[in-house]
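What follows is a short report on a single structure.
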Amino acid sequence: MSSENPKPSNFIRAIIDEDIKNGTFQGRVHTRFPPEPNGYLHIGHAKSICLNFGIANDYEGGLCNLRFDDTNPIKEEAEYIEAIKEDVRWLGYDWGDREYYASDYFEQLYEYAIKLIKDGKAYVDDLSAEEIREYRGTLTEPGKESPYRNRTVEENLDLFQRMRAGEFPDGSRVLRAKIDMASGNLNMRDPVMYRVLHATHHRTGDKWCIYPMYDWAHGQSDSIEGITHSLCTLEFEDHRPLYDWFIEALGIHHPKQIEFARLDLTYTVMSKRKLLELVQEGYVSGWDDPRMPTIQGLRRRGYTPEAIRDFAERVGIAKKRDSIADIAMLEHCLREDLNRRALRVMAVLHPLKVIIDNYPEGQVEELEAVNNPEDDSAGTRMIPFSRELYIERDDFREDPPKKFFRLAPGREVRLKHAYFITCTDVVKDEKTGEVIELHCTYDPESRGGASPDGRKVKGTLHWVSAAHAIDAEVRLYDHLFNKPNPMEVEEGGNYKDNLNPDSLVTLTHCKVEPSLKNAEPGSRYQFLRQGYFCVDTVDSTKEKLVFNRTVGLRDSWAKIEKK
RNA sequence: UGGGGCGUCGUCAAGCGGUAAGACACCAGCCUUUGGAGCUGGCAUUCCCAGGUUCGAAUCCUGGCGCCCCAGCCA
């Protein structure tokens with residue numbers, strides 16, 4: 001274990017520590033991340049990825065496999081595999097050459113099934129799906145045994161081989177484990193191991209027409225790979241006795257399964273079904289919509305893998321269900337990371353023209369600006385200053401409220417990296433009364449933003465030179481839902497009623513400083529005083545820059561104003 | 001008398017019989033050429049409840065209460 005960077009303790013690491021101390025698994029630590037390739041990964045999966053790969057990285061000799069649980073050809077597609085691999089890699093993890101598929105084990109699984117049949121521990125059942133359900137009983141009443149339960153080993157073997165050979169239609173027969181129809185644990189009431197499915201599998205093609213159920217495949221796959229600690233979510237707690245039963249019946253390597261609570265976040269939904277619904281019904285632009293909690297969405301939004309990993313570590317691992325982590329925690333991790341690395345630039349989102357009356361017409365000065373006050377090595381850049389500028393509309397109030405430190409008639413403020421200016425005149429639209437432009441004077445002595453006479457100003461504004469600014473589109477993203485728990489709805493309502501109508505506000509003709517001209521898609525910046533933004537990887541072009549707001553800066557003025 | 005699991009600050013979460021970590025959020029102040037960042041301080045006399053054991057209990061015992069998961073030929 002690395003001692004210089006101790007991970008927060010959690011009950012799973014405690015169990016592993018104990019296992020190592022006791023020599024269980026000969027001191028080995030081998031985990032796996034086992035996604036089903038039927039959809040895109042989200043932040044909840046990221047928690048599991050960070051857990052499994054994180055543990056493998058932290059323990060001496062630890063390994064973590066990537067295994068696709070591809071036991072259902074009807075729902076799975078090869079396209080998801082590449083997306084999942086890209087996401088895991090992007091998060092910063094490496095599975096070496098240990099990329100496995102449950103489908104790699106179909107033959108072995110078949111042999112295992114034969115063994116169970118021969119041992120009288122599995123049988124072919126001719127009951128229909130509906131009948132099986134009826135025979136299963138209920139939560140409080142025991143089930144009853146299938147009339148086919150006591151077929152001879154020979155008959156079972158023959159039937160099972162013929163199932164594989166394709167002699168029977170879909171749904172006609174299944175192979176079941178012979179356990180206990182009266183068990184209080186429904187999973188033990190003769191669970192189905194194989195179903196007949198004449199479907200083409202994305203990897204095995206038409207080789208098989210019977211496919212193992214997850215419950216039959218998963219534990220054995222872990223065993224085959226020599227996994228020591230099978231970490232999974234709470235809902236599989238009830239399945240553990242079944243997995244144990246299979247492993248014992250087969251007499252093979254027995255991984256230790258440990259269950260933990262899945263991650264939930266405020267202001268979003270996490271279930272694959274709901275996420276799919278949002279995509280299909282057009283509430284978002286796709287799986288990579290920057291508002292989606294998918295890894296692809298977060299990536300496009302401008303999240304960094306470092307922030308996500310930090311978050312996964314901070315939310316921790318426990319067994320408490322219904323634990324909903326505050327998305328503010330995620331956003332904090334993001335800001336903390338971006339604060340260290342994002343270059344500062346100036347961009348005016350809602351431009352208001354400012355004319356410096358006493359600044360020479362036609363003159364342009366290049367002023368030096370620090371790229372990142374948190375990182376000297378980021379250096380400086382030059383930005384043009386001229387007579388006509390844009391500032392943020394919000395930074396001017398004709399009738400400033402208390403504690404408003406920004407520009408107002410007669411008030412002096414600092415333009416970041418530039419000069420002190422004083423507002424001398426307000427030009428309004430005669431009809432609407434809207435403020436169209438401001439006239440100001442500047443103090444030539446305050447170049448760089450400080451006055452030699454030592455006078456102070458309360459406010460510092462960002463700005464861009466009107467003649468030099470570049471037009472850009474800026475997409476302001478906010479939480480997808482406007483309730484911490486989107487599931488909290490009125491009688492007869494739906495979580496979609498809680499969709500935030502302002503989760504995306506698109507601004508065009510924003511003015512950004514000229515240094516952004518060649519900003520690369522995906523690059524991240526802090527727009528001074530506003531937030532972190534990244535160049536959109538899908539829609540941004542050389543001709544038309546598009547920025548996504550990753551997350552806003554903390555805004556204490558907004559808080560004051562709210563009061 | 002179906003089975004399994006969980007209940008520690010607004011949120012996440014340590015704690016494993018020796019007298020309630022930490023983080024986020026929040027509040028107050030300092031500082032500041034980003035109302036950002038940073039810094040300082042505050043924030044559970046109490047761990048679902050009630051009994052019991054003990055010199056000592058969030059931790060052990062007993063009994064309650066509350067919440068979650070399970071009846072796919074899904075994973």
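By convention in this document, chain letters (A, B, ...) are assigned in the order of the sequence lines, proteins followed by strands, and residues within each chain are numbered from 1. Note that the coordinates shown come from a computational prediction; the quantities given were computed from them, not determined experimentally.
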Task: Closest to side chain of A:F236, choosing from B:rG36, B:rC70, B:rA75 - done: B:rA75
Task: Nearest-angstrom distance from the residue atom CG of A:N485 to C1' of B:rU11 - done: 13 Å
Open item on the list: Output the rounded distance in Å from CZ (A:F396) to C1' (B:rG35).
Closed with: 19 Å
Task: Contacts of type salt bridge (Lys or Arg N to Asp or Glu O under 4.0 Å), residue A:E145, not counting sequence neighbours - done: A:R149
Open item on the list: Using a heavy-atom cut-off of 4.0 Å across all strands, would you classify A:H218 as base, sugar-phosphate, or nothing?
Closed with: nothing
Task: Same-atom distance (P) from B:rA20 to B:rA57, integer angstrom - done: 11 Å
Open item on the list: One thing to verify: whether A:D69 and A:R67 come together as a salt bridge, which I'm taking to mean a side-chain N less than 4.0 angstrom from a carboxylate O.
Closed with: yes
TODO: Identify, with sequence neighbours excluded, every residue that meets salt bridge (Lys or Arg N to Asp or Glu O under 4.0 Å) alongside A:R189.
DONE: none
Open item on the list: Mind checking if A:A328 touches a base, just sugar-phosphate, or nothing, with heavy atoms under 4.0 Å?
Closed with: sugar-phosphate
Open item on the list: Say we look at B:rG22 and B:rC43: how far apart would their P atoms be, to the nearest angstrom?
Closed with: 11 Å
Open item on the list: Taking side-chain hydrogen bond (donor to acceptor under 3.5 Å, both in side chains) as the definition, give me every residue that meets it alongside A:Y194, ordered by chain and number, with sequence neighbours left out.
Closed with: A:W216
Open item on the list: By the 4.0 Å heavy-atom rule, please label A:R406 as base, sugar-phosphate, or nothing.
Closed with: base
- [ ] When you get a sec, tell me which of B:rA37, B:rA75, B:rA71 is the closest nucleotide to the side chain of A:R554?
- [x] B:rA37
Open item on the list: Under a 3.5 Å cut-off for both contacts, is B:rA14 paired Watson-Crick or G-U wobble with anything, and if yes, with which nucleotide?
Closed with: none
Task: Non-neighbouring partners of A:T233 that pass side-chain hydrogen bond (donor to acceptor under 3.5 Å, both in side chains), sequence neighbours left out - done: A:E235
Polar-atom pairs under 3.5 Å, protein N or O versus N or O of nucleotides 12-15 of chain B: list them with distances, or write none.
from, atom 1, to, atom 2, distance (Å)
B:rC12, OP1, A:I324, N, 3.3
B:rC12, O2', A:V315, O, 2.5
B:rA13, OP2, A:K320, NZ, 3.2
B:rA14, OP1, A:I317, O, 2.9
B:rA14, O3', A:S9, OG, 3.3
B:rG15, OP1, A:S9, OG, 3.1

Task: Distance, rounded to the nearest Å, where A:Y194 contributes OH and B:rC73 contributes P - done: 16 Å
Open item on the list: Just to be sure I understand the geometry, which residues of residues 71-80 of chain A put a non-hydrogen atom under 4.0 Å away from RNA chain B?
Closed with: A:T71, A:N72, A:K75
- [ ] Identify the nucleotide, in any strand shown, that forms a Watson-Crick or G-U wobble pair with B:rG38, with both distances under 3.5 Å; if there is none, say none.
- [x] B:rC30
Open item on the list: Strictly below 4.0 Å: does A:R136 bring a side-chain N or O up to OP1 or OP2 of B:rG72?
Closed with: yes
Task: Pairs involving residues 128-143 of chain A, ordered by first then second residue, that meet salt bridge (Lys or Arg N to Asp or Glu O under 4.0 Å) (sequence neighbours left out) - done: none
Please list, pair by pair, any protein nitrogen or oxygen found under 3.5 Å from a nitrogen or oxygen in nucleotides 29-31 of chain B.
none

Open item on the list: Expressed as a whole number of angstroms, how long is the span from A:F160:CZ to B:rC73:C1'?
Closed with: 14 Å
Open item on the list: Applying a 4.0 Å non-hydrogen cut-off, can you work out what A:M188 is touching in the nucleic acid: base, sugar-phosphate, or nothing?
Closed with: nothing
Task: Trace of the side chain to side chain donor-acceptor pair (under 3.5 Å) decision for A:D394 with A:H350 - done: CA-CA 8 Å; A:D394 283 353; A:H350 297 96; 5.4 Å; no
TODO: Would you mind reading off the distance between A:E237 atom CD and B:rG4 atom P, rounded to a whole angstrom?
DONE: 11 Å
TODO: Let me know the distance between CG of A:L127 and P of B:rG72, rounded to the nearest Å.
DONE: 14 Å
Open item on the list: Side chain of A:L139, heavy atoms from C-beta onward: which of B:rC69, B:rC70, B:rG35 has the nearest atom to it?
Closed with: B:rC70
Task: Gap between atoms CE and C1', on A:M346 and B:rG36 respectively (whole Å) - done: 15 Å
TODO: For A:D395, check side-chain hydrogen bond (donor to acceptor under 3.5 Å, both in side chains) against everything at least two apart and list the hits.
DONE: A:R406, A:R529
Task: Non-neighbouring partners of A:S515 that pass side-chain hydrogen bond (donor to acceptor under 3.5 Å, both in side chains), sequence neighbours left out - done: A:E513
Open item on the list: Tell me the interatomic distance from A:L334, atom CG, to B:rA37, atom P, rounded to whole angstroms.
Closed with: 14 Å
TODO: Specify the residues of residues 170-185 of chain A, ordered by number, for which at least one heavy atom lies under 4.0 angstrom from an atom of RNA chain B.
DONE: A:G171, A:V174, A:G184, A:N185
Would you list the protein and nucleotides 32-34 of chain B atom pairs, both N or O, that sit under 3.5 Å from each other?
from, atom 1, to, atom 2, distance (Å)
B:rU33, O4', A:R414, NE, 3.0
B:rU33, O4', A:R414, NH1, 3.4
B:rU33, O4', A:R414, NH2, 2.8
B:rU33, O2', A:K416, NZ, 2.5
B:rU33, O2, A:H417, N, 3.4
B:rU33, N3, A:G448, O, 2.2
B:rU33, O4, A:G448, O, 2.0
B:rU33, O4, A:G449, N, 3.1
B:rU33, O4, A:A450, N, 3.2
B:rU34, O2, A:Q526, OE1, 2.8
B:rU34, O2, A:R529, N, 2.9
B:rU34, N3, A:Q526, OE1, 2.6
B:rU34, O4, A:R344, NE, 2.5
B:rU34, O4, A:R344, NH2, 2.9

TODO: Look at the side chain of A:S556 and decide which nucleotide, out of B:rG35, B:rG5, B:rG3, has an atom nearest to it.
DONE: B:rG35
Open item on the list: Rounding to an integer number of angstrom, what distance separates B:rC9 and B:rG15 when you compare their P atoms?
Closed with: 16 Å
